[in-house]
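Report on the structure given below.
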Amino acid sequence: MSIKNKIDSKRNFFEDVFEVVKLIPKGRVTSYGAIARYLGVASSARMVGWAMNASHTEKAVPAHRVVNSQGLLTGKHHFVPPSAMQKNLEKEGVKVVKDKVQDFEKKFWDPAKELL
DNA sequence: AGCTTGACTTTGA
DNA sequence: GTCAAAGCCAAGC
């Protein structure tokens with residue numbers, strides 16, 4: 001049974017986002033829009049980010065692997081400390097310069113395609 | 001029940 | 001290349 005099936009059953013926004021984010025392979029990143037689209041709410045990328053805000057309760061959620069469409073670490077300010085996000089990414093092999101993921105297109109992981 | 005806010009995206013100038 | 005505006009849906013007040 002795929003994760004998608006589970007999500008389809010629950011339709012719980014936070015859990016949906018959490019599950020998908022947890023599936024992001026190490027050393028890869030994705031965007032809020034990609035997750036939102038995978039969940040079927042493409043236009044509501046903001047909701048994904050917002051759901052991530054609740055990820056603080058779920059420690060297992062690698063929110064640092066989620067960036068915006070430009071590969072920018074827009075959510076780093078929500079980390080403690082903010083620099084933790086970049087640090088975690090670099091530790092996983094993702095180079096980050098000036099809050100931007102290097103080789104974003106290569107590192108990008110689209111659940112709609114990879115997790116199909 | 002209605003208004004504001006938000007870790008976004010896309011398009012146009 | 002940067003800046004501004006609109007679209008979008010859910011939670012909080």
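What you are looking at is a predicted structure, and each value in this text was computed from that prediction instead of being measured. To find a chain, count down the sequence lines: A is the first, B the second, and so on, and within it residues start at 1.
At whole-Å resolution of the value, CZ in A:F14 and P in C:dC9 are 16 Å apart. Summarising the geometry, the separation between CZ on A:F18 and P on B:dA7 is reported as 15 Å, rounded to the nearest angstrom. Distance A:I35 CD1 to C:dA10 P: 17 Å, rounded to the nearest Å. In this structure, the CG atom of A:N68 is 17 Å from the C1' atom of C:dC8, given to the nearest Å. In this structure, the CG atom of A:L72 is 13 Å from the C1' atom of C:dT2, given to the nearest Å. At whole-Å resolution of the value, CD in A:Q70 and C1' in B:dA7 are 14 Å apart. Separating the OH atom of A:Y32 from the C1' atom of B:dA7 is a distance of 4 Å, rounded to the nearest angstrom. In this entry the distance linking NE2 of A:H77 with P of B:dT5 reads 19 Å, nearest Å.
A:A51 comes within 4.0 angstrom of nothing in the nucleic acid, heavy atoms only. Within the nucleic acid shown, A:S31 comes within 4.0 Å of sugar-phosphate atoms alone, with no base atom in reach, counting heavy atoms only. Contacts of A:H56 with the nucleic acid, taken as non-hydrogen atoms under 4.0 Å apart, include base atoms. Residue contacts shown for A:N53 include a base, since a base heavy atom lies under 4.0 Å away.
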Bracket notation of DNA chain C in which parentheses pair within the strand, [ ] cross earlier pairs, and | pairs with another strand (Watson-Crick or G-U, under 3.5 Å)
.||||||.|||||
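Closest to the side chain of A:R46, from the set C:dG7, B:dA7, C:dA10, is C:dG7. When distances are taken from the side chain of A:S44 to each of B:dT9, C:dC9, B:dA7, the shortest belongs to C:dC9. Which of B:dT9, B:dA7, C:dA10 sits closest to the side chain of A:S55 comes down to B:dA7.
Looking at A:H64 and A:E92, their side chains do bring a donor and an acceptor atom within 3.5 Å of each other.
In terms of phosphate contacts, A:S69 brings a side-chain nitrogen or oxygen within less than 4.0 Å of OP1 or OP2 of B:dT9.
For A:S31, the side chain to side chain contact (heavy atoms under 4.5 Å, CB included) partners two or more places apart in sequence, or in a different chain, are A:A34, A:F108.
For DNA chain B, the neighbouring residues in residues 78-101 of chain A, judged by any heavy atom under 4.0 Å, are A:H78, A:F79.
The two residues A:A60 and A:K22 have their closest heavy-atom pair at O-CG, 3.8 Å. The nearest pair of heavy atoms linking A:M85 to A:A63 is CE-O, 3.8 Å.
The same ILVMFWY cluster, assembled from side-chain heavy atoms under 4.5 Å apart, contains both A:V21 and A:W109. A continuous path of Ile, Leu, Val, Met, Phe, Trp and Tyr side chains, each step under 4.5 Å between heavy atoms, connects A:V29 with A:L73, placing both in one hydrophobic cluster.
In this structure, A:N68 contributes its side chain and A:L72 its backbone to a donor-acceptor pair below 3.5 Å.
Summarising the local packing, CZ of A:R37 is surrounded by 12 or fewer heavy atoms from other residues, nucleotides or ligands at distances under 6.0 Å. At most 12 non-hydrogen atoms from other residues, nucleotides or ligands lie less than 6.0 angstrom from NZ of A:K91.
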